[in-house]
Amino acid sequence: MQPIAPGFPAGFVWGAATAAYQVEGALDEDGRGVSIWDTFTATPGAIARGDTAAVACDHYHRHPEDIALLADLGLSAYRFSVAWPRIQPDGVGGPNQKGLDHYRRVVDACLGRGVTPYVTLYHWDLPQALEDVGGWLNRDTAHRFADYAAQVADALGDVVDHWVTVNEPKVASHAGYAAGIHAPGIRDPRGGVAAAHHLLLAHGLAVPVLRERMSADGELGIALDLTPVSPASQDPADVAAARRFDGNFNRMFLEPVLRGRYPTDMIEWFGGAPWLQDGDLEVISAPIDFLGINYYRGHVIGAGDGSVLEGSGTPMDLDAVHVIPPDAELTEVGWTVTPTGLHDLLLQLRDEYPHVPLMVTENGAAYPDVVAADGTVDDPKRVAYLDSHVRQMHRAIADGVDLRGYFVWTLLDNFEWAEGYKARFGIVHVDVETQRRTPKTSAAWLGAVARSNRLPDGGSLR
Ligand code: FCB
């Protein structure tokens with residue numbers, strides 16, 4: 001058997017991702033309006049320890065040094081998001097020039113260091129004014145999003161060639177509108193499905209808007225959180241539960257975006273699609289240049305006892321449980337470490353949707369990292385996590401998957417939504433008190449992989 005060359009394809013993109021609300025701070029600066037996350041974090045009990053994003057990583061002010069750090073590490077792409085309330089403080093009208101100027105500076109800082117900006121338009125910080133009229137339960141929000149996308153692309157389209165419309169419509173809708181564990185904290189299972197559709201509609205409406213404003217060789221996509229699902233056993237009840245879980249998590253998003261249809265089994269399960277209007281699926285399935293995959297873990301699913309899905313975040317009672325094997329390795333937030341799942345997922349996507357190039361737009365893990373007496377932060381578990389996922393990605397490419405790039409989640413330890421600052425996902429440690437940045441061992445590790453564009457020596461497939 002021929003040994004597989006350890007290299008990644010020429011031009012493979014190695015980057016790091018962040019999201020505005022998780023890193024920026026400066027919530028009252030330069031005319032920014034209120035977002036649903038400001039309101040949600042102010043709700044007693046919503047966020048662990050009552051943490052807020054008021055300062056976060058102070059990235060609003062420190063982005064030049066953070067981007068320089070990313071470049072010095074050896075990464076050549078930065079995926080960040082634009083905060084909608086900085087551009088349209090009230091969700092309509094505008095734009096607020098100071099907000100646009102800020103992101104122009106961020107883009108310039110990237111370009112000045114040879115870093116390619118990947119701009120995400122929606123990473124969950126909806127203007128509160130739009131929530132006040134229904135948020136993502138209101139179909140009109142999708143049209144508001146297209147207006148906002150036009151404003152950002154008018155301002156940055158000459159220098160930004162890589163766009164992500166919406167980040168994880170599943171989490172934004174299910175966690176925000178069905179389970180109520182994310183902003184805006186609504187518990188309305190049926191509403192969660194409608195919100196998901198409106199987020200997909202927003203994506204579809206933004207596609208032509210971006211196309212008109214970006215260069216001919218620019219690329220746009222959407223970032224979906226996807227997971228490979230397997231049944232806990234061949235018992236028909238487990239198989240059916242796993243199929244529904246897969247439908248809810250993956251197919252309800254992949255199918256409309258990439259095939260212009262919703263899975264009929266899920267629509268039946270949900271009891272219809274009252275939110276669907278003529279023409280929506282044509283809009284949602286507008287061609288994209290890459291599919292962004294946010295991959296954290298796989299799922300083994302068994303039939304439940306009729307109660308809601310364990311772990312919640314689901315829009316409907318799926319009657320399923322996430323089975324965690326007793327010997328499973330878990331990250332700090334309790335997510336299983338399943339690197340082969342990434343390989344499985346990539347092959348599954350290649351087989352189902354062969355026409356769309358793939359990018360891993362997020363992948364990473366939380367561990368309780370500490371600064372040692374000598375000032376260093378050693379994170380061997382994160383190195384092992386990244387190493388195993390990078391190897392599975394490489395294996396998938398060798399198996400013929402058209403995978404174009406990899407963004408680690410995340411550059412900086414940051415405000416991890418409902419978990420607050422406790423869950424550290426960064427390759428760079430951030431001291432919440434002093435804002436001091438300390439690259440962890442994983443930062444140097446990933447930088448070396450990126451610079452060489454090949455698998456590191458040693459390590460193993462697991
Ligand atoms: C993803 C989100 C990202 C971060 C990671 C850990 O679902 O896109 O903002 O919270 O999980």
Would you find a donor on one side and an acceptor on the other, under 3.5 Å apart, between the side chain of [X] and the backbone of [Y]?
X	Y	answer
Asp161	Met214	no
Glu255	Tyr262	no
Glu24	Val55	no
Asn250	Thr227	yes
Thr141	Gly135	yes
Thr338	Gly298	yes
Tyr177	Trp136	yes
Lys440	Gly426	yes

(message) Looking only at the aromatic ring of each residue, does the gap between the centers of Tyr421 and Phe415 stay below 6.0 angstrom?
(response)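 Yes, close enough.
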
(request) Taking the six-membered ring for Trp and the single ring otherwise, decide whether the centroids of His59 and Phe80 are under 6.0 Å apart. (result)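 Distance test on ring centres: not under 6.0 Å, no.
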
(message) My understanding is that only one of Tyr385, Trp409, Tyr296 makes a ring-ring contact (aromatic ring centres under 6.0 Å, His included) with Trp335; could you say which?
(response)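 Single pass found, and it is Tyr296.
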
Distance, nearest 0.5 Å, that separates [atom1] of [X] from [atom2] of [Y]:
X	Y	atom1	atom2	answer
Met252	Asp265	CE	CG	9.5 Å
His394	His343	NE2	NE2	11.5 Å
Met359	His162	CE	NE2	7.5 Å
Tyr295	Glu362	OH	CD	14.0 Å
Trp417	Trp37	CH2	CH2	6.0 Å
Thr41	Asp51	OG1	CG	10.0 Å

(request) Specify whether Tyr122 and Phe145 have parallel, tilted or perpendicular ring planes, treating 30° as the upper limit for parallel and 60° as the lower limit for perpendicular. (result)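 Tyr122 vs Phe145 ring planes: perpendicular.
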
(message) In terms of relative ring orientation, are Tyr353 and His355 parallel, tilted or perpendicular, with 30° and 60° separating the classes?
(response)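 Perpendicular.
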
(message) What verdict does the ring-ring contact (aromatic ring centres under 6.0 Å, His included) test give for Tyr406 and His389, after you've listed the backbone C-alpha separation in whole Å, the side-chain angles of each residue and the deciding distance to 0.1 Å?
(response) CA-CA 10 Å; Tyr406 176 85; His389 286 77; 8.4 Å; no

[X] bridged to [Y] by N-O distance under 4.0 Å:
X	Y	answer
Asp30	Arg86	no
Asp387	Arg391	yes
Arg32	Asp125	no
Arg424	Glu332	no
Arg139	Asp280	yes
Asp369	Arg382	yes
Arg350	Asp402	no

Contact check, side chains of [X] and [Y], non-hydrogen atoms, under 4.5 Å:
X	Y	value
Leu75	Tyr78	no
Leu346	Asp399	no
His174	Phe249	no
Val449	Leu386	no
Asn167	Ser81	no
Leu291	Ile222	yes
Leu130	Tyr148	no
Glu352	Leu254	no

Heavy-atom pair with the smallest gap, counting every atom of [X] and [Y]:
X	Y	value
Asp289	Glu219	OD2-CA, 3.3 Å
Leu210	Ala149	CD2-O, 4.4 Å
Arg62	Cys57	CD-O, 3.9 Å
Phe253	Ser173	CZ-OG, 4.5 Å
Ser285	Pro256	CB-O, 3.3 Å
Tyr21	Ser35	CE1-OG, 4.0 Å

(request) Check the pair Thr120 / Arg79 against side-chain hydrogen bond (donor to acceptor under 3.5 Å, both in side chains), numbers first and verdict last. (result) CA-CA 7 Å; Thr120 303; Arg79 177 180 169 230; 3.0 Å; yes

(message) Could you go through Gln128 and Asp132, starting from their C-alpha distance and side-chain angles, then the distance that decides it, and tell me whether this counts as side-chain hydrogen bond (donor to acceptor under 3.5 Å, both in side chains)?
(response) CA-CA 6 Å; Gln128 180 62 42; Asp132 293 342; 2.8 Å; yes

(message) Does Asn414 form a side-chain contact (heavy atoms from CB on, under 4.5 Å) with Val430? I'd like the steps, not just the answer.
(response) CA-CA 8 Å; Asn414 61 37; Val430 177; over 6 Å; no

(message) More than 12 heavy atoms of other residues, nucleotides or ligands under 6.0 Å from CZ of Arg436: yes or no?
(response)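 No.
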
(message) Taking atom CG as the centre, does Asp101 end up with more than 12 heavy-atom neighbours from other residues, nucleotides or ligands that are less than 6.0 angstrom away?
(response)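 For Asp101, atom CG is crowded (more than 12 foreign heavy atoms under 6.0 Å).
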
(request) Evaluate the criterion side-chain contact (heavy atoms from CB on, under 4.5 Å) for residue pair Phe407 and Val13; output intermediate values, then yes/no. (result) CA-CA 8 Å; Phe407 289 81; Val13 176; 4.1 Å; yes

(message) If you apply the rule side-chain contact (heavy atoms from CB on, under 4.5 Å), what do you find for Met393 with Leu358, and how did you get there?
(response) CA-CA 11 Å; Met393 216 165 57; Leu358 307 176; over 6 Å; no

(request) Mind running side-chain hydrogen bond (donor to acceptor under 3.5 Å, both in side chains) on His102 and Glu29 for me, showing each step along the way? (result) CA-CA 11 Å; His102 170 73; Glu29 245 162 276; over 6 Å; no

(request) Could you give me the CA-CA distance, side-chain angles and deciding distance for Arg113 and Asp72, then say whether salt bridge (Lys or Arg N to Asp or Glu O under 4.0 Å) is met? (result) CA-CA 9 Å; Arg113 291 303 310 259; Asp72 289 343; 2.7 Å; yes

(request) Determine, stepwise, if the pair Asp246 / Arg251 fulfils side-chain contact (heavy atoms from CB on, under 4.5 Å). (result) CA-CA 6 Å; Asp246 174 54; Arg251 291 182 289 119; 3.0 Å; yes

(request) Would you sort out whether Trp275 and Phe270 count as a ring-ring contact (aromatic ring centres under 6.0 Å, His included), showing the intermediate values? (result) CA-CA 12 Å; Trp275 28 264; Phe270 294 145; 7.8 Å; no

